[in-house]
There are 2 protein chains.
Amino acid sequence: MERIIEVDEWKVVEQELHPEKNRLAESLMSIGNGHMGMRGNFEETYSGDTHEGTYIGGVYYPDKTRVGWWKNGYPEYFAKVLNAPNFTGIRIFVEGSELDLNTWNVTNFRRELNMKHGYLYRTFTAENEEGHKIEANITRFFSIVSHSLVAIRYEIKPVNFDGTLTFQPYINGDVRNEDANYDEDFWEPVHHEVVDNVGVLSMRTRKTAFDVTAAMRTSVYGQEIQVTNTTDEEEYIDNTIEVAATEGEPVTFYKYVAVTTNRDYEQEELAEKAIALVGDAFEAGFDELFDAQQDAWEERWKKADVTVGGDAEAQQGIRYNIFQLYNTYDGDDPRLNIGPKGFTGEKYGGSTYWDTEAYCLPFYLSTADPTIARNLLIYRYNHLDEAKENAQKLGLNGALYPMVTMNGQESHNEWEITFEEIHRNGAIAHAIWNYVNYTGDATYLPQYGFEVLAEISRFWSSRVHFNARKGKYVMLGVTGPNEYENNVNNNWYTNRMAAWTLEYTLGVARFLQRRYPGRYEELVHALGIRTEELDHWKHIINNMYYPYDEETGVFLQQDGFMDKELMAMSELDSKHLPINQNWSWDKILRSCFIKQADVLQGLYFLNHKYSLEEKKRNFYFYEPMTVHESSLSPCVHSILAAEIGETEKAYEMYVRTARLDLDNYNNDTEDGLHITSMAGSWLSIVHGFAGMRVMNGSLNFTPMIPEDWDSYSFKINFRGRLLKVTVTHERTSIELEEGNDLTVILNGDMLKVPRALIAVPSM
Amino acid sequence: MERIIEVDEWKVVEQELHPEKNRLAESLMSIGNGHMGMRGNFEETYSGDTHEGTYIGGVYYPDKTRVGWWKNGYPEYFAKVLNAPNFTGIRIFVEGSELDLNTWNVTNFRRELNMKHGYLYRTFTAENEEGHKIEANITRFFSIVSHSLVAIRYEIKPVNFDGTLTFQPYINGDVRNEDANYDEDFWEPVHHEVVDNVGVLSMRTRKTAFDVTAAMRTSVYGQEIQVTNTTDEEEYIDNTIEVAATEGEPVTFYKYVAVTTNRDYEQEELAEKAIALVGDAFEAGFDELFDAQQDAWEERWKKADVTVGGDAEAQQGIRYNIFQLYNTYDGDDPRLNIGPKGFTGEKYGGSTYWDTEAYCLPFYLSTADPTIARNLLIYRYNHLDEAKENAQKLGLNGALYPMVTMNGQESHNEWEITFEEIHRNGAIAHAIWNYVNYTGDATYLPQYGFEVLAEISRFWSSRVHFNARKGKYVMLGVTGPNEYENNVNNNWYTNRMAAWTLEYTLGVARFLQRRYPGRYEELVHALGIRTEELDHWKHIINNMYYPYDEETGVFLQQDGFMDKELMAMSELDSKHLPINQNWSWDKILRSCFIKQADVLQGLYFLNHKYSLEEKKRNFYFYEPMTVHESSLSPCVHSILAAEIGETEKAYEMYVRTARLDLDNYNNDTEDGLHITSMAGSWLSIVHGFAGMRVMNGSLNFTPMIPEDWDSYSFKINFRGRLLKVTVTHERTSIELEEGNDLTVILNGDMLKVPRALIAVPSM
């Protein structure tokens with residue numbers, strides 16, 4: 001654990017420069033608008049350690065696959081998150097001497113991420129060797145109102161001199177990824193033009209041919225200015241603007257940038273559009289844009305906020321997570337998804353993991369308009385052809401969605417993951433159920449859902465085989481959610497989700513046949529589904545093998561689990577932890593230790609199908625062996641712990657996710673934030689502490705509250721209503737903030753929530 | 001299958017140039033002397049497709065490890081077989097026009113590897129555009145008498161002109177590996193000097209700092225010559241020698257090369273030694289050296305030859321295998337080992353695999369002086385420290401020998417192999433038993449053997465754990481010899497070899513205690529062995545878990561094997577074969593198909609511990625599922641098939657190994673020869689067809705003969721005797737060619753072999 005920021009309910013504040021921790025600070029201060037984003041880099045030149053990173057949603061590069069030994073079916077290239085041209089840069093010169101916080105004497109430094117209003121603010125005083133001292137105040141935001149827009153206000157006050165301040169705004173296309181496999185350049189220049197205070201640079205990615213155009217427009221208020229010089233290179237454009245400044249009088253410089261890509265516009269019109277958009281921004285002016293940004297974030301928080309009373313750290317943690325999730329994905333473009341590092345770093349390839357369906361989807365379902373979650377589902381629908389190709393590559397039927405992807409094609413190349421961690425298919429099917437169950441929007445099924453479900457079911461059906469000795473269907477050679485096991489037989493979770501998918505698909509088929517008979521006929525015909533196939537699925541459902549231990553009554557994570565040397569993590573000397581940094585892979589694999597929820601993940605997903613007793617037995621068996629070395633693990637344990645009444649454990653597990661990045665728990669936040677696991681802390685509160693479930697179209701709550709907290713509240717968007725649920729040690733209150741009356745089930749009792757508040761005593 | 005050479009009992013002959021198959025031909029025509037060697041490249045320039053490759057034993061390069069995802073314990077670098085300076089090159093000019101078989105009109109081409117006498121011979125007629133026609137005859141050999149020496153005779157006859165022939169002998173240090181991971185140069189120049197007809201070039205490997213010096217000396221007989229030019233570059237030296245040639249009169253050019261390395265000499269004296277050695281060769285002259293080479297090979301064949309009557313293909317195959325094994329390793333340097341491609345290619349890193357102990361050692365034991373096999377054992381003894389470090393890296397005790405190595409350190413980086421294919425340790429222990437059992441040389445045990453056995457036993461003992469439910473020791477997460485299974489639990493072969501190692505080590509301990517009590521005390525003290533440790537080993541031996549199927553009575557390859565979809569390879573459509581080129585890895589892993597002998601490998605190694613019935617049951621169970629996609633597989637099946645009376649199967653399996661390269665069965669011989677598996681064809685004949693075993697110090701034979709053969713014979717070096725065993729359909733005869741009378745057991749009967757022949761009727 002390492003905390004360089006201060007605790008504040010609505011802000012993330014760094015109160016001094018941390019030259020040796022600057023990458024960590026840059027990750028933490030990342031900001032984006034769901035379509036693009038960047039790390040908390042300085043606008044001005046910084047010669048100290050920094051990782052400059054700007055990222056644009058959906059723009060990726062197919063880097064060469066690197067493996068020790070090639071296996072049939074590996075992707076030849078994989079989609080790399082791509083560092084894009086730096087368009088926020090502004091070089092600053094004070095009487096000809098370049099401002100650089102690494103070499104100047106810096107005091108009163110403050111870097112502050114404002115979560116409430118969605119902007120990054122910096123202030124500092126800096127003095128150079130010649131004794132020139134300035135004060136600076138900088139504000140930057142990525143507009144969530146106009147997705148192509150970034151605005152910067154850079155204010156400098158000469159403290160002890162009259163003289164020339166030079167602003168040199170630029171766009172730099174000569175950027176590289178830190179982790180390129182073969183030191184290749186990923187970008188090539190396409191177009192550049194620059195005149196006074198306006199410039200355009202277009203770059204194109206090699207191979208994928210994404211065109212990205214950035215147009216900048218700058219201005220200075222309150223001073224006479226002179227544009228003295230113009231640089232116009234192939235991959236770099238800038239202006240040089242000299243201002244005669246007076247001691248004690250601030251100079252305010254503005255830079256507006258609009259970014260367009262050929263994902264949204266025709267290639268020929270990119271520059272024109274970018275110039276038009278940046279012109280509009282210029283006309284509106286910084287203050288108007290900034291106001292709109294603040295209003296938009298307030299509106300968002302109205303639907304998504306979670307409060308924690310009496311625990312400022314927890315409060316900051318949950319708000320940070322919600323903030324960064326929305327910075328990464330706001331759901332209005334079904335071609336985008338939720339990258340594991342969002343727009344905060346470039347480690348890991350691809351933007352889409354099963355994290356989206358398993359962790360993020362429920363968050364968006366409850367905190368935003370249902371179209372957002374629907375777009376996440378449509379993303380997979382749009383990749384159905386690639387998923388079918390993927391299954392075919394493995395010699396199987398139906399569709400296997402990729403483990404990691406940017407464009408529907410597999411981007412990962414460890415055989416134990418790419419080829420065997422196939423449970424991801426189950427989560428994608430489950431997300432459809434989740435969406436329909438939550439929203440009641442059954443129209444998704446005939447339109448999109450059934451095709452995906454049917455093809456996933458076909459995959460499962462071709463992946464199992466009937467073992468005559470057992471008289472059961474088995475599934476050999478898989479990797480479950482717990483990646484500290486590879487190539488195991490009959491992973492309980494995978495088998496269970498496979499059978500569940502078949503069951504759900506058959507249920508949906510019956511539903512469609514009844515409600516949408518014409519469409520059903522059409523689908524059955526198009527997909528070539530015959531009665532024999534459906535009968536075979538039934539046979540699999542009824543005869544699936546689930547490893548089970550008679551003696552303890554637990555569902556076995558996989559065949560042979562009881563042969564392991566079973567021990568609790570607490571028996572390990574702390575020098576062994578984390579085991580993934582201290583043990584060789586074979587030792588991890590044969591140990592009993594579990595990276596992340598596996599059987600328990602199944603009990604969470606199929607919650608209503610298991611009794612409290614079953615949940616308790618399995619939780620008490622697996623939790624002590626779980627090392628939670630995946631950021632996705634603790635939330636599931638937290639939710640189940642809350643359900644079985646293990647309040648302290650539930651809270652402990654919550655704390656592990658909520659401030660993972662803010663306190664740099666895993667010591668790797670410098671590479672970027674753990675975006676997808678951020679949804680886990682929201683899940684822990686809402687599904688865990690408040691016990692929210694949707695059953696038969698009704699919201700259910702069974703709230704509890706951690707001892708250390710005074711209260712907590714959260715917002716729920718449910719079928720046209722906006723609810724605010726507040727839990728204290730005394731009572732749970734549910735307020736209807738928007739929409740019609742609603743009946744909810746609270747601790748088993750049906751209660752009608754009218755437009756006014758209802759409140760019941762806590763259990 | 002693809003055959004570009006003609007069948008001949010003592011030669012490998014290519015009768016025409018195969019420009020599109022030249023790499024295959026180059027592999028096949030490789031020649032070496034156990035210390036260095038090269039592919040069958042032309043001396044003169046060849047502008048067509050070629051893979052120039054010269055390799056020097058023990059000189060390697062640590063190339064950067066390349067993996068998809070890093071795992072703790074991977075080697076950072078791995079030892080790459082290194083393409084060394086080309087020292088055989090001679091550019092030839094005819095009236096100023098350079099000879100190039102790719103562009104000249106070539107007739108009467110013949111390239112011929114003479115196995116009987118150990119040399120490569122070429123002849124051709126070539127005519128250029130100007131109509132100048134020459135006849136050439138070239139002979140090259142790597143001396144097995146003087147290991148640093150290579151000699152070339154290059155004879156040219158102008159067919160239709162008088163004119164100038166120019167010879168430009170050179171040494172070129174500017175060479176690269178075809179498969180370098182990062183396009184690095186592996187060599188840097190150290191020293192170079194060249195005067196008329198003598199030149200020296202010294203190159204040094206980066207990082208490993210191996211110095212290799214080659215000195216050349218050239219001469220021309222029968223003509224006036226003029227040395228007109230001398231090139232002296234950092235990485236390249238040459239001479240230009242012009243000869244006034246007369247139509248119809250051959251000009252004979254000689255090039256002698258001596259190669260010295262800092263593995264054998266001080267760095268400062270490398271050039272001096274090389275010049276002295278090449279001077280000696282020059283003084284002796286080509287004919288004397290060539291005679292010595294031929295005599296030495298004849299002497300070698302006297303001890304090692306195998307004849308096959310009535311089957312010229314089989315005859316060529318077995319001789320080719322023996323020939324190439326000796327080209328790769330002749331056993332007089334315990335720092336060298338038997339690389340999988342020998343000196344014939346650079347694919348795969350490292351020179352040493354378990355192939356050495358499991359396949360090659362028995363061949364050298366029987367065909368050569370016992371010091372050769374002993375040196376192979378000492379090689380591992382010398383790497384004991386590295387093997388202990390390797391175990392430590394995995395958090396285990398004792399010694400784990402590397403899967404692949406050049407210097408004792410692990411060179412492989414797939415976790416399922418590097419960390420889990422630990423059965424290699426068993427083969428290394430078994431080789432000690434094999435050596436002592438065969439030679440009767442028990443002195444090896446107190447000197448070297450016990451230390452290795454004890455440390456391997458310690459490894460096994462820390463790698464198993466006691467499972468209370470089973471009441472047995474289990475070994476989880478291993479990869480057996482069948483690499484079409486990864487990370488399995490309780491691989492029968494591995495468990496069996498582990499327990500066997502412990503048992504043998506305890507036996508050796510008792511033997512040492514009795515025979516060498518002083519040395520034993522010393523060893524026990526040095527190794528820190530306590531009684532408790534030995535007792536623990538006993539407990540493991542008595543309580544090891546072996547997966548077994550009650551219903552079929554077979555030893556199960558691993559836990560869960562019976563859950564697989566069992567089917568015979570013959571049920572697969574041929575389009576699926578080989579499965580490693582047609583199936584994705586997960587499909588291979590969960591299939592029942594077996595890459596190479598696994599349970600059967602154990603029955604071969606521990607042959608005397610299993611009944612014929614057990615062998616039959618397991619053979620009939622596993623053989624139909626074995627796809628033999630490792631070149632090491634068929635020989636073990638052949639041997640067991642012979643033992644259980646499946647004569648046809650034994651022969652079928654023999655054929656699969658014997659001409660693997662000559663007929664390019666795997667379509668990859670262009671990358672180099674499959675050296676280690678070559679021992680398998682010898683094993684098939686001697687251990688298989690002739691049923692040779694050594695039990696209680698006696699040679700046992702239970703011969704059979706394949707139907708298609710008239711006869712076969714082989715030589716056996718056994719405890720001071722040289723025996724010739726000849727098997728026909730009528731009888732088996734055993735001749736004592738050297739040494740004292742010997743009692744052997746033939747088909748169960750004890751027979752004394754006097755100096756004269758004995759012969760008994762065939763069964």
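Please read all numbers here as calculations on a predicted model, not as lab measurements. Lettering follows sequence order; numbering is per chain, from 1.
Heavy-atom pairs under 4.5 Å with chain B peak, among Glu485(A), Arg463(A), His412(A), at Arg463(A). Comparing Lys587(A), Lys470(A), Lys564(A), Arg469(A) by heavy-atom pairs within less than 4.5 Å of chain B, the highest count is held by Arg469(A).
Annotation: the span from Asp586(B) atom CG to Thr418(A) atom OG1 amounts to 10.0 Å, rounded to 0.5 Å. Put simply, CG on Asn486(B) and CG on Asn486(A) are 9.5 Å apart, with the number rounded to the nearest 0.5 Å. Separation of atoms CD (Glu414(A)) and NZ (Lys71(B)) is listed at 4.0 Å; rounding is to 0.5 Å.
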Legend entry - Audit row: Asp559(B), Asn489(A), side-chain contact (heavy atoms from CB on, under 4.5 Å) steps and yes/no: CA-CA 10 Å; Asp559(B) 281 349; Asn489(A) 293 338; over 6 Å; no
Inset, instruction - Take Glu416(A) and Trp415(B) through the test side-chain contact (heavy atoms from CB on, under 4.5 Å) and record every step on the way to the result. - result: CA-CA 11 Å; Glu416(A) 61 274 25; Trp415(B) 63 265; 2.9 Å; yes
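The contact between Leu394(A) and chain B is made by backbone and side chain atoms together, counting heavy-atom distances below 4.5 Å. Heavy-atom distances place the side chain of Leu396(A), and not its backbone, under 4.5 Å from chain B.
Looking at heavy atoms from C-beta onward, Arg590(A) lies out of side-chain contact with Asn487(B) at the 4.5 angstrom threshold.
By a heavy-atom distance cut of under 4.5 Å, Val474(B), Leu476(B) are the residues of residues 471-479 of chain B near chain A, going up by number. Identified by a heavy-atom distance below 4.5 Å to chain B, the contributing residues of residues 577-584 of chain A are Ile579(A), Asn580(A), Gln581(A), Asn582(A), Trp583(A), Ser584(A), in residue-number order. Inspection of non-hydrogen atoms places Asp549(B), Glu551(B), Thr552(B) of residues 549-557 of chain B under 4.5 Å from chain A.
The two residues Glu565(B) and His465(A) make their nearest non-hydrogen contact at N-NE2, 3.4 Å.
Listed by chain and residue number, nothing satisfies the side-chain hydrogen bond (donor to acceptor under 3.5 Å, both in side chains) test with Thr405(A) (two or more places apart in sequence, or in another chain).
Of the possible donor and acceptor atoms, one in the side chain of Asn467(A) sits under 3.5 Å from a partner among the backbone N and O of Met562(B).
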